[in-house]
Amino acid sequence: MPIFSTLRITQDEQHPRIARLLLDRPERLNAINEEMPREIRAAVDWANANDEVHVIVVEGAGKGFCGGYDLSIFGQGDVDHPCQQERSPWDPMVDYAYMKRNTEDFMALWRSPKPTIAKVHGHAVAGGSDIALCCDLLVMAEDARIGYMPTRVWGCPTTAMWTFRLGPTRAKQLMFTGDTIDGRTAAAWGLANEAVAAEALDAATLALAQRIAGVPRSHLAMHKLVVNQVLLTMGLEQAQSMATVFDGITRHNPEGLWFRRYAQAEGFKAAVQWRDSGRPVPEGDEARALAEQLRRDRQG
């Protein structure tokens, strides 16, 4: 089996036609770091090269599926990074190239000729929801939560999957509010294929995976290609390009800079609490002034 630093992939011991891809940074709620997107793609490639595997289950170690990008790296700390350029004028195409690569890595789950199932407990939020929604199917614990809170400030879902998975009305509701929904609601809205009690999640996911695994690999690949082609014809790739550019803008406009300065000054937990609380987010000149004041305060 291949060895990775952020995840593990193995064949299920009792069901070798099922590969289990485990996001494995439980101490950080499986948050996304620099290595994870690349390793997701490599793990999917390994499963696709294994003729015994018919279906891939994606799950998270510890308390949840994935808490999004690791804000202790990308939000709170001082970084000189393609997606957080603050020591020089922002170059949107450098930002785009970095984030688009991450999107393409997550989309390895969508492009995989072998079906992928996200098994979600705890939280699949922000970038973690991107990973979950790049999978073909979604099985959730009833009390699990999924959503993209950074739509309130400092983020735009680069995979653009919400509209394609939910339709425009529900997608707008979640994007405009940054709210999360639980597994029961996700199933009722058609986002999740099934929502079950937390203690039944593994059995329910494996039952679905086993049912799929009995189908020949060639048939699964053809059926998936047909459905995926419909989404491509609807403009999925164009939407992802726009969303990835907009994601960079949200991190470098006045509101995004305010959020980052606040995270640097008060800690990312405090910044996230403000963002998710429903309090008005500073914007425009107010955001610029607050960001500059926070910068001066930090410099002392």
Side-chain angles (χ1 to χ4, degrees), residues 2 4-9 19-25 28-48 55-61 64-71 73-74 82-83 95-120 123-138 140 146-151 155-166 171 174-175 191-192 224 227-228 231-232 236-248 250-251:
F4 299 109
S5 64
T6 69
L7 57 85
R8 289 184 283 136
I9 188 163
R20 303 190 70 151
L21 193 166
L22 180 74
L23 306 178
D24 196 22
R25 300 187 71 222
R28 298 296 307 156
L29 300 178
N30 301 317
I32 301 161
N33 62 7
E34 296 274 4
E35 293 76 31
M36 185 177 284
R38 258 46 95 207
E39 293 189 351
I40 288 174
R41 185 195 286 241
V44 172
D45 287 345
W46 174 85
N48 280 311
V55 60
I56 305 166
V57 173
V58 184
E59 55 198 324
F65 181 82
C66 178
Y69 278 87
D70 192 332
L71 290 182
I73 300 171
F74 299 104
C83 71
D95 191 307
Y96 174 84
Y98 178 86
M99 292 305 296
K100 192 64 164 67
R101 183 181 180 189
N102 284 0
T103 298
E104 291 301 311
D105 289 340
F106 299 152
M107 285 290 285
L109 295 160
W110 188 82
R111 291 189 304 269
S112 164
K114 299 179 180 181
T116 55
I117 305 172
K119 171 192 158 191
V120 174
H123 286 74
V125 292
S129 69
D130 280 323
I131 295 171
L133 296 187
C134 283
C135 294
D136 301 306
L137 305 177
L138 180 62
M140 293 183 66
I146 189 168
Y148 206 99
M149 303 89 74
T151 58
C156 180
T158 62
T159 62
M161 279 294 183
W162 290 98
T163 302
F164 294 94
R165 298 293 293 263
L166 272 179
L174 292 184
M175 295 304 95
L191 181 66
K224 181 167 177 174
V227 177
N228 281 7
L231 300 188
L232 291 170
L236 175 60
E237 288 183 336
Q238 293 89 334
Q240 287 182 340
S241 293
M242 179 182 291
T244 304
V245 171
F246 284 175
D247 185 61
T250 68
R251 285 181 271 102

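Because only heavy atoms are used, hydrogens play no part in the values below, and waters and symmetry mates are left out as well, while side chains stay in.
- Of all heavy-atom pairs spanning A124 and A132, the tightest one is CB-CB, 4.4 Å.
- Atom-to-atom distance recorded for I9:CD1 and L23:CG is 10.5 Å, nearest 0.5 angstrom.
- In this structure a side-chain-to-backbone donor-acceptor pair under 3.5 Å is present from R165 to L133.
- Taking T151 as the reference, nothing meets the side-chain hydrogen bond (donor to acceptor under 3.5 Å, both in side chains) condition, with sequence neighbours excluded.
- Of all the heavy atoms in C66 and A31, the pair that sits closest is SG-CA, 4.4 Å.
- Under the ring-ring contact (aromatic ring centres under 6.0 Å, His included) criterion, Y69 pairs with F74, sequence neighbours left out.
- Rounding to the nearest 0.5 Å places CG of L174 at 8.5 Å from CG of L191.
- Annotation: side chain of F4 is not in contact with side chain of M36 (no heavy-atom distance under 4.5 Å).
- Annotation: side chain of P82 is not in contact with side chain of M99 (no heavy-atom distance under 4.5 Å).
- The side-chain hydrogen bond (donor to acceptor under 3.5 Å, both in side chains) search around R111 returns E104, not counting sequence neighbours.
- By the 4.5 Å heavy-atom criterion applied to side chains, I117 and E59 are not counted as neighbours.
- Two residues are said to be in side-chain contact when any heavy atoms from C-beta on lie closer than 4.5 Å; E39 and S5 meet this criterion.
- Taken to the nearest 0.5 Å, the CG atom of N102 stands 9.0 Å off from the CD1 atom of I40.
- The shortest distance between side-chain heavy atoms of I146 and V125 does not fall below 4.5 Å.
- Listed by chain and number, the residues in a side-chain hydrogen bond (donor to acceptor under 3.5 Å, both in side chains) with R25 are D70 (sequence neighbours excluded).
- Contact of the F65 side chain with the I131 side chain is registered, since non-hydrogen atoms from C-beta on lie closer than 4.5 Å.
- Checking D247 against T158 by side-chain atom types alone, no donor-acceptor pair falls below 3.5 Å.
- Legend: residues meeting side-chain hydrogen bond (donor to acceptor under 3.5 Å, both in side chains) with T159, ordered by chain and number and at least two apart, are D130.
- Smallest separation of non-hydrogen atoms from D136 and L109: OD2-O, 4.3 Å.
- T116 places a side-chain heavy atom less than 4.5 Å from the side chain of I56.
- A 4.5 Å side-chain heavy-atom check between P37 and R101 finds every atom pair outside the cut-off.
- By the ring-ring contact (aromatic ring centres under 6.0 Å, His included) test, Y98 is found to be paired with H81, residues two or more places apart in sequence or in another chain being considered.
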